[in-house]
Undergrad: 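Take this structure first; my questions come after.
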Amino acid sequence: MEARKDKVVYQIYPKSFYDTNGDGLGDLKGVTAKLDYLADLGVDYLWLTPFFPSPQRDNGYDVADYRAIDPRYGTMEDLEELIREADKRGIGLMLDMVFNHTSTEHAWFQRALAGEKKYQNYYIFKNGTPDNLPTNWVSKFGGPAWQYVPQLGKWYLHLFDVTQADLNWENPAVREEMADILRFWKAKGIKGFRFDVVNLISKPEVYEDDFAGDGRRFYTDGRNVHKYLKELVAAGGIDGMVTVGEMSSTSLENCIGYTAAGNHELSMCFNFHHLKVDYKNGDKWALMPADHLALKKLFQTWQEGMQAHDGWNALFWCNHDQPRAVSRFGSDTVYWKESAKMLAAAIHFMRGTPYIYQGEELGMTNAHFTSIDQYRDVESLNYYNILRGEGKSEAETLDIIAQRSRDNGRTPMQWDASANAGFTTGTPWIGTADNYQTINAAAEMDDPDSVRSFYKTLVHLRKQHKVISEGKIEFLFPENADLLAYRRYGAPDGEELLVLCNLTAHEVITDYEPEDWAGLERYVENSYLENKAGILALIRSNLEPDAKERSIKTAFPKDYAFLLKEVYPGLRHSDYAVKYEVRTYTDINEIKRLIKTQPQKLSLNEMYLAAQDMKLGSEEYDETLRRSSDCVGILKDLIGVCQVKCVSFFFTPLYAIAQVKVLAEII
């Protein structure tokens, strides 16, 4: 399970990634053609959404054959070539397994319709009459969750589209079929699996109406789901492989169970609670601004909760089922680049495994479609009719669909500024976003300030710094709705990381102060205070807090004055701010003395003060600070004046600010 910690997964929606034959649909050869692009980004795994034979009622999540390739995407030989070429570049393939349901065109379901009892038991059929549904449960796509089959006199369950019949996991034969499918693909060289809505596979023993909701409380994280996952992993021979479960309306307690290493279920989980903070009254199709305080609390609950019990999060904003995060939680106009980078830093520095959805690394935005005819998603088309039926105007309905549609994440990958964003030479199956001529891979590849370059840096940092991949997490400023802030610490090499993300388009000003003696202790441990050992002894003593403070003040008055006034200075945090820490005395004469005698004790701020005093113009220094991507460049500008060795910091530019404390020797 440790292998998951420093890895980054890139999700590909093949239908919209790259088309090599001009039919308007992306294909497997298209993924192979872009492997060098992906290797350059530094990702470890490619998660491909389903490319199995399918009627495409739900864009491939209605599987008709789990062991074959839909001819629209290519052949088995094409996939085998992709596996080989990805392996050469150190990239593993993850397949998307839809094991909660099959397409009604699957041979199993067709044989069930033909009256074969064996295959009827593969699904959830209930005897009944056309006017009496088994329960009042609601499908995820709208309407009843049951469909009547007249020739059988039975209803079948479909939690999703009517053409997606739920499998009966109570049947051991179904569970063995699923395990055998995994063994088949593992033998082909597949390195990992993603399991679609896998926490819905265990249904209740008794089916009853839900008068308080839509039925999900009876089948979400069901009574046997952990048992079934353990069995699937063992029988499928995938224990130790990278696996991720998509968990619908799940709980923290269950996700700890799914991902704790000793349970032998999954490597990590997706949960979607943080992507519902802009649902008015919990309704996806009712718009409201994102509740930033709720977002922060959810991140804190899940990050710290999983940490406390050895669980592991899959970190993400975007996927094929979600609108683009930069349009949803940031700005796709004035602060497009800044907010795209902020959102990236916000999750890539968290505890867990980050996922990048195709085009997210470019800052791709929502599609901005203006007509219902431009949409292809079954959910969007269904809800267009539902919303219009509720009396909403055409304009209001289209605005809701434009902000919520899954098609926002399914528009073609924007490769360049040519026709159809370089995705296809034919007619794309769905239209491109309206800004592809400026937001595209070709424009960003060689630009060091691009969104893509920033993502590439984030991937590299996770592999280089154990504080990111293995450290603990602590959230800061919990009541400040505008500022997402946390620190990473506890890495084997002692590194620490501070991440500050402005979630708004306006400046945020706050004070950074220790919340308790533990915070002060951490600071002093990492300081160069001359009486560090004595101060730590008092902090760790059994004295009451007031007595501790008086003792430090009496014994070490100079250190006390510094800690009181300088350790936690006011933090001015805005979309263009850079925050630095004062790490030792700020008396200018003391700094000048240390430059000559102990330069390794100086912080960046102290060198700044020294540089000002030594007549290195502050305006010149400030300009250097703005144009440098890390402090090494700044230190080189100062070296002629100071000749120092110093603690360096990595600054993520603009909206997000992060610091990695790394001792760097400047020669």
Side-chain angles (χ1 to χ4, degrees), residues 57-58 61-63 98-104 106 108-109 112-113 115 117-175 178 195-229 245-251 254 272 276 279 281-286 321 378-379 382-383 385-387 389-390:
R57 177 68 179 172
D58 188 22
Y61 283 85
D62 45 337
V63 178
V98 189
F99 282 178
N100 178 71
H101 48 262
T102 74
S103 166
T104 52
H106 195 288
W108 299 339
F109 194 80
L113 292 181
K117 297 297 184 183
K118 172 183 176 180
Y119 290 102
Q120 287 180 7
N121 199 33
Y122 270 37
Y123 297 91
I124 300 171
F125 282 95
K126 298 293 181 182
N127 294 324
T129 58
D131 58 349
N132 189 18
L133 279 77
T135 71
N136 65 350
W137 297 357
V138 179
S139 161
K140 304 285 187 180
F141 292 166
W146 298 92
Q147 179 68 17
Y148 191 68
V149 183
Q151 69 268 30
L152 298 178
K154 297 176 184 289
W155 296 85
Y156 69 85
L157 179 67
H158 62 91
L159 294 181
F160 293 86
D161 188 65
V162 66
T163 63
Q164 294 169 293
D166 279 53
L167 286 162
N168 176 19
W169 276 71
E170 300 295 312
N171 183 349
V174 169
R175 303 200 297 273
M178 301 296 104
F195 295 98
D196 186 65
V197 293
V198 72
N199 67 320
L200 308 186
I201 59 176
S202 177
K203 305 305 193 290
E205 188 172 8
V206 177
Y207 286 74
E208 57 186 297
D209 286 335
D210 187 353
F211 298 109
D214 60 8
R216 71 184 63 192
R217 64 193 176 101
F218 294 125
Y219 56 75
T220 301
D221 299 316
R223 59 200 171 98
N224 289 319
V225 65
H226 293 282
K227 170 187 171 183
Y228 293 160
L229 280 176
E246 179 194 31
M247 303 302 174
S248 174
S249 303
T250 190
S251 69
N254 276 290
F272 298 89
K276 298 177 182 179
Y279 289 9
N281 299 321
D283 181 358
K284 173 178 178 176
W285 304 97
D321 283 335
V378 59
E379 182 189 43
N382 284 350
Y383 270 92
N385 293 324
I386 291 171
L387 293 170
E390 292 174 351

Undergrad: Does T104 reach the side chain of R57, with side-chain heavy atoms less than 4.5 Å apart?
TA: no
Undergrad: Which value, rounded to the nearest 0.5 Å, describes the distance between N132 atom CG and N127 atom CG?
TA: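 Rounded to the nearest 0.5 Å, the CG-CG separation comes out at 11.5 Å.
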Undergrad: Would you say W146 and K154 make side-chain contact, with heavy atoms under 4.5 Å?
TA: no
Undergrad: Under a plain distance cut-off of 3.5 Å, with no hydrogens placed, do D166 and N100 share a side-chain donor-acceptor pair?
TA: yes
Undergrad: Parallel, tilted or perpendicular, judged at 30° and 60°: which one describes the rings of F125 and Y123?
TA: perpendicular
Undergrad: V98 and side chain to side chain contact (heavy atoms under 4.5 Å, CB included): which partner among L167, D58, D196, V197?
TA: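 Among L167, D58, D196, V197, the one that satisfies the side chain to side chain contact (heavy atoms under 4.5 Å, CB included) with V98 is D196.
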Undergrad: Using the ring pair (Phe, Tyr, Trp, His ring centres under 6.0 Å) rule, take Y207 and W137 through it: C-alpha gap first, then chi angles, then the decisive distance, then the call.
TA: CA-CA 10 Å; Y207 286 74; W137 297 357; 5.5 Å; yes
Undergrad: Can you measure from CZ (R223) to CZ (F218) and round to the nearest 0.5 angstrom?
TA: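 R223 CZ to F218 CZ: 13.5 Å, rounded to 0.5 Å.
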Undergrad: Do the rings of F141 and F160 sit parallel, tilted or perpendicular, given the 30° and 60° boundaries?
TA: perpendicular
Undergrad: Going from CG on L200 to CG on D221, what distance comes out if it is rounded to the nearest 0.5 angstrom?
TA: 8.0 Å
Undergrad: Could you grab the distance from atom CG of D283 to atom NZ of K276, nearest 0.5 Å is fine?
TA: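 That separation rounds to 11.5 Å.
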Undergrad: Where do K118 and Y122 come nearest, in terms of heavy atoms and distance?
TA: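 It is O-CD1, 3.3 Å.
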Undergrad: Whether the side chain of N199 engages the backbone of S248 through a donor-acceptor N/O pair (distance < 3.5 Å, no angle test) should be reported.
TA: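 Yes, the answer is positive, given that a donor and an acceptor are paired below the 3.5 Å cut-off.
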Undergrad: So do the side chains of T102 and V63 get within less than 4.5 Å of each other, counting heavy atoms only?
TA: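 The answer is no; the side chains never approach within 4.5 Å.
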Undergrad: Is it true that the side chains of R216 and S249 contain a donor and an acceptor less than 3.5 Å apart?
TA: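 There is such a pair (donor and acceptor under 3.5 Å, judged by atom type) between the side chains of R216 and S249.
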Undergrad: Mind running side chain to side chain contact (heavy atoms under 4.5 Å, CB included) on M178 and I201 for me, showing each step along the way?
TA: CA-CA 12 Å; M178 301 296 104; I201 59 176; over 6 Å; no
Undergrad: Can you pull out every salt bridge (charged side-chain N to carboxylate O under 4.0 Å, His left out) where at least one residue sits in residues 119-144? Sequence neighbours excluded, please.
TA: none
Undergrad: Taking the side chain from Y156 and the backbone from V162, do they hold a donor-acceptor pair closer than 3.5 Å?
TA: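 Present.
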Undergrad: Under 3.5 Å, side chain of W155 to main-chain N/O of T129, donor-acceptor pair present?
TA: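 Confirmed, W155 side chain pairs with T129 backbone.
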Undergrad: Less than 4.5 Å apart, any side-chain heavy atom of R217 and any of D210?
TA: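 Result yes, sub-4.5 Å side-chain heavy-atom pair found.
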Undergrad: Search all heavy atoms of S139 against all heavy atoms of P144 and return the closest pair with its distance.
TA: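 Closest heavy-atom pair between S139 and P144: CB-O, 3.6 Å.
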Undergrad: Can you tell me how far the OG1 atom of T220 sits from the CG atom of L159, to the nearest 0.5 Å?
TA: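 Rounded to the nearest 0.5 Å, the OG1-CG separation comes to 8.5 Å.
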Undergrad: Tell me whether the count of non-hydrogen atoms from other residues, nucleotides or ligands lying under 6.0 Å of CD in Q151 goes above 12.
TA: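 Counting other residues, nucleotides and ligands, CD of Q151 exceeds 12 neighbours.
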Undergrad: Within this structure, what is the CG-CH2 distance for the pair N224 and W169, rounded to the nearest 0.5 Å?
TA: 11.5 Å
Undergrad: Short question: side chain of N171, backbone of N121 - any donor-acceptor pair under 3.5 Å?
TA: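 Checking the backbone N and O of N121 against the side chain of N171, a donor-acceptor pair under 3.5 Å is found.
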Undergrad: Between the side chain of Y148 and the main-chain N/O of G128, is any donor-acceptor distance below 3.5 Å?
TA: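 A pair under 3.5 Å: yes.
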Undergrad: Could I get the full list of side-chain hydrogen bond (donor to acceptor under 3.5 Å, both in side chains) partners for D62, not counting sequence neighbours?
TA: S54
Undergrad: Can you name the closest pair of heavy atoms from K284 and E379 and give their distance?
TA: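 Residues K284 and E379, closest heavy atoms: NZ-OE1, 2.9 Å.
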Undergrad: Taking only residues two or more places apart in sequence or in another chain, which ones pass salt bridge (charged side-chain N to carboxylate O under 4.0 Å, His left out) with E246?
TA: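 Here the qualifying residues are R194.
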Undergrad: Within a strict 4.5 Å, meaning less than it, do heavy atoms of the F109 and H101 side chains meet?
TA: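 Not touching, per the 4.5 Å side-chain cut-off.
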Undergrad: Side chains of M247 and V198, heavy atoms from C-beta outward: is any pair under 4.5 Å?
TA: yes
Undergrad: With heavy-atom distances below 4.5 Å as the criterion, would you say the side chains of Q120 and L152 are in contact?
TA: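 They are in contact (side-chain heavy atoms under 4.5 Å apart), so the answer is yes.
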